[in-house]
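Structure first, commentary second.
Chain letters run A, B, ... following the sequence lines, proteins first and then strands; every chain starts at 1. What you see is a predicted model, and the numbers here were worked out from it, not measured in a lab.
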Protein chains: 2
Amino acid sequence: MGERRLFRIQRQELLMDEVRQRGAVRVRDLAVRFAVSELTIRRDIAELAAKNLLTKVHGGATQPSDLARPAPVRSRRPASPRFTIGMVVPSLDYYWPTVVSAARMAAAALGVHLQLRGSSYDSGEDRRQITRLIEARQVQGLLLAPTLDGEDVEGMAAWVGSLPVPVVLVEREIPRWTSTSRQIEWVRSDHALGLEMAVRHLHQIGHRRIGLVLSKGSPTSAYLATGWARACADLGLPGDLVLRESVALDVPGHREIIAGLLARCRASGTTALVVHSDPDTMSIAQFCAEHGVRIPQDLALVAYDDEVANLAEPALTAVRPPKAQVGRAAVEMMVARLAGGGRRPSQRLLVLPELMIRNSSAPPARSSG
Amino acid sequence: MGERRLFRIQRQELLMDEVRQRGAVRVRDLAVRFAVSELTIRRDIAELAAKNLLTKVHGGATQPSDLARPAPVRSRRPASPRFTIGMVVPSLDYYWPTVVSAARMAAAALGVHLQLRGSSYDSGEDRRQITRLIEARQVQGLLLAPTLDGEDVEGMAAWVGSLPVPVVLVEREIPRWTSTSRQIEWVRSDHALGLEMAVRHLHQIGHRRIGLVLSKGSPTSAYLATGWARACADLGLPGDLVLRESVALDVPGHREIIAGLLARCRASGTTALVVHSDPDTMSIAQFCAEHGVRIPQDLALVAYDDEVANLAEPALTAVRPPKAQVGRAAVEMMVARLAGGGRRPSQRLLVLPELMIRNSSAPPARSSG
DNA sequence: CAGACTTCGATCAAGGTCGATCACGAACGA
DNA sequence: TCGTTCGTGATCGACCTTGATCGAAGTCTG
């Protein structure tokens, strides 16, 4: 058939074709097919293997494979997988202490070390802290809660995805797709469902006009708004009673804001409020007490974020995000990844909040009709 | 199947594949499958174990695991009270064997008993099997994969939610809200993301018109369609090239359907297809081979569901749902719930598929002018 | 806890494969 | 035309891979 002997390049082209088609080639077969000596084929294979286009094996060649690579230089401590995990959280005095302490306990239980860095709700500071941890070369993995609210969300996401160590996001989620090949893992509370639980609870005990008070600028606000919209749509409630203002005691002018809020409630017949974060809820409760609005008879309250809700008077019904479980699960996920040898599929864990029913929620004083 | 003797690397590649997919392999089985002596398989396993790619056990090998190595601090659970967990799956010959066998292994590792029931893709049969398990009063928890496609989705969901034992759904998700107070947990593959991975892969290597072939009536179809829509929207691809037909070899008239499909591809300039389930993909590949359509030069193929994709010729690029991980995680989640004393927040776990890039996907032969 | 059974791995042996070396011929440029 | 360079081929000892054997070690069952 082959009247003219093929050029080396042509032979190699056909050889690669065969490899791609069948997954492997045999020196013997190719020597016959191309009517050249086996030595020539071997030389072709060696050449292609040097370019990493295929893997040379005894007797032939196969597709590029990592298995052929010489055993990874694993002369390091063979036993005692005492990993060190870095953790960067945006705050050390709100929300995160519970998460961190659970992470600490889980790390201790698993025999790994946890290195904590506080950051702020600022991408630049996040990057700085993360870079410091990486450059110290002490951490094998990172638990991160970066701020993804800024303008450069995509850039930050891509940067996080390109870090040289495995990453598990905590209470955060990379939006849409990241260009990195390995999808980033995360663990977070299902805040949207938590808010739905609050609304459903109020709906179930008879409330038909429910309002929502969101803190400004909190990363969880978006989830809460989503849950709010979903719950209102499902239950056929008006979804427009939303206030996006912080009303905690340390906010200047909070009394005026609350007064306005209560006026709106009266005007619209709103009998219940879901309020983001305990201090804001307690601020409202206190204002109500001072102005003769009875909790829960005149206004039912559900706090989102059960830090101190049980200390209020009356004790506040509250949605409790599963902070401890999130912290623990994040550490466990990271340890599983580090111990899994890089071949474990990524996971994404949603942990559901709990609804703690206390005394600030009760059926509305007079049912309509 | 045993055509010609494989090279060592190919054997090891397939062995690792099996380990990752099923969680474990047996020396005996592999020796038969590869038509080599058991000693050879043992040597392969020893070699891979030396690279920490798997863990050698008596009789075979498993995924790298800390359980088998000298546990540093990890003292076994103090005599877990030997729970019995029931598991009801809709099929025992497709997709589910891998999930079940991983669940079995996890159960064994945790010292609990797993009671399996096969059902069919039918709500009535599901209820019958579940009822039987409950009435026997032998199970403390249930892993369920009920069919939620019928008309009475709400009713089935509510019924599952009202069962007297904890439930973890496997590869299923209760749509929207259930009236039961405790939210049902689930573990499932992120099939939508898996499909996105396939589309993004094809897009990245240069394909601009991509088609989708969905099996009819599969519960995962909905997820795949979602991922398809998302990927097409994100990438600005036409999302209309969808065929909802089974084209496996055992479907009467599959040749005509495939012929029509290829005609449509030619007419629309489609250069790549994502196909649900391996057999359908292989059917298409075979038809192409018979009709001179070259894979991957003329048509790139990506299979969804990596059961036998690596046995095709050329080996099929495929998305592999993390079946084993789903099965294992479901058992672990249930045991955590049973051991947690009812006070543990519910969790919902998404496990990400892997994209196994083989030879059926390559850049299109000539880019459009 | 012991006996039956299976699995493991060290050793030796056989056969195929590799590559260093030397040698040859064709293509190429001055 | 000649010399150089490149691609190729023959040879053979070393090397790689696999298999058979069998005592040792592990696992299961009663």
Side-chain angles (χ1 to χ4, degrees), chain A residues 1-16 18-19 22-51 53-63 65 67-71, chain B residues 1-16 18-19 22-51 53-62 65 67-71 76 82 101 104-105 107-109 111 113-114:
Chain A
M1 170 76 66
E3 66 277 355
R4 174 160 182 8
R5 163 166 266 133
L6 295 167
F7 292 121
R8 171 168 247 171
I9 307 278
Q10 295 177 288
R11 240 184 7 238
Q12 296 185 354
E13 205 71 58
L14 291 169
L15 192 157
M16 284 305 300
E18 186 84 358
V19 167
R22 300 216 196 290
V25 290
R26 194 157 283 271
V27 170
R28 169 85 51 92
D29 301 343
L30 290 173
V32 172
R33 172 166 157 205
F34 294 137
V36 296
S37 74
E38 300 190 359
L39 180 53
T40 300
I41 301 297
R42 271 187 224 117
R43 283 198 268 239
D44 285 340
I45 289 174
E47 201 173 315
L48 293 167
K51 297 184 204 159
L53 293 171
L54 45 70
T55 298
K56 192 154 77 113
V57 300
H58 196 92
T62 72
Q63 303 183 274
S65 162
L67 296 181
R69 206 162 303 186
Chain B
M1 177 172 321
E3 26 199 82
R4 145 192 94 188
R5 171 169 253 112
L6 295 167
F7 292 124
R8 166 126 70 160
I9 290 207
Q10 294 180 287
R11 238 179 13 234
Q12 295 184 354
E13 204 86 55
L14 292 169
L15 194 158
M16 285 302 302
E18 188 87 355
V19 167
R22 303 224 193 287
V25 292
R26 305 197 64 75
V27 170
R28 172 79 54 88
D29 302 340
L30 291 171
V32 172
R33 171 166 159 205
F34 294 135
V36 296
S37 73
E38 300 189 2
L39 178 54
T40 300
I41 300 297
R42 268 185 229 117
R43 281 197 270 237
D44 285 339
I45 289 175
E47 200 174 316
L48 293 167
K51 295 183 195 165
L53 294 171
L54 45 69
T55 299
K56 200 160 60 148
V57 299
H58 196 90
T62 70
S65 150
L67 299 175
R69 74 185 50 176
R76 273 288 183 82
R82 266 200 109 67
S101 94
R104 274 249 140 82
M105 284 178 40
H113 189 231
L114 193 72

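Within 4.0 Å (heavy atoms only), Arg43(B) reaches at least one base atom of the nucleic acid.
With rounding to whole Å, Asp44(A) atom CG is found 7 Å from dT8(D) atom P. When the P atom of dC6(D) is taken as reference, atom CZ of Arg8(A) falls 11 Å away, rounded to whole Å. Note: CD (Gln10(A)) to C1' (dT8(D)) measures 16 Å, nearest angstrom. Between the CD1 atom of Ile45(A) and the P atom of dG7(D) there is a distance of 17 Å, given to the nearest Å.
For the pair Leu39(A)/Arg42(A), a side-chain contact is recorded, criterion being any heavy-atom separation below 4.5 Å from C-beta on. No side-chain heavy atom of Val57(A) sits under 4.5 Å from any side-chain heavy atom of Gln10(B). Annotation: side chain of Leu15(A) is in contact with side chain of Leu54(A) (closest heavy-atom distance under 4.5 Å). The closest side-chain heavy-atom distance from Arg11(A) to Val36(A) is below 4.5 Å. Side-chain atoms of Phe34(A) and Thr40(A), non-hydrogen and from C-beta on, never get closer than 4.5 Å to each other.
Between Thr40(A) and dG9(D) there is a side-chain polar atom (N or O) within less than 4.0 angstrom of OP1 or OP2. Using a 4.0 Å cut-off, some side-chain N or O of Arg11(B) falls inside it from OP1 or OP2 of dT18(D). Between Ser37(B) and dA20(D), a side-chain N or O to OP1/OP2 separation shorter than 4.0 Å is absent.
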Within the 4.0 Å limit for protein heavy atoms, which parts of nucleotides 4-10 of chain C are touched? Write it as a string from 5' to 3', B for base, S for sugar-phosphate only, - for none. ---SBBB

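Salt-bridge annotation for Glu47(A) and Arg43(A): absent, with no side-chain N of the basic residue lying under 4.0 Å from a carboxylate O of the acidic one.
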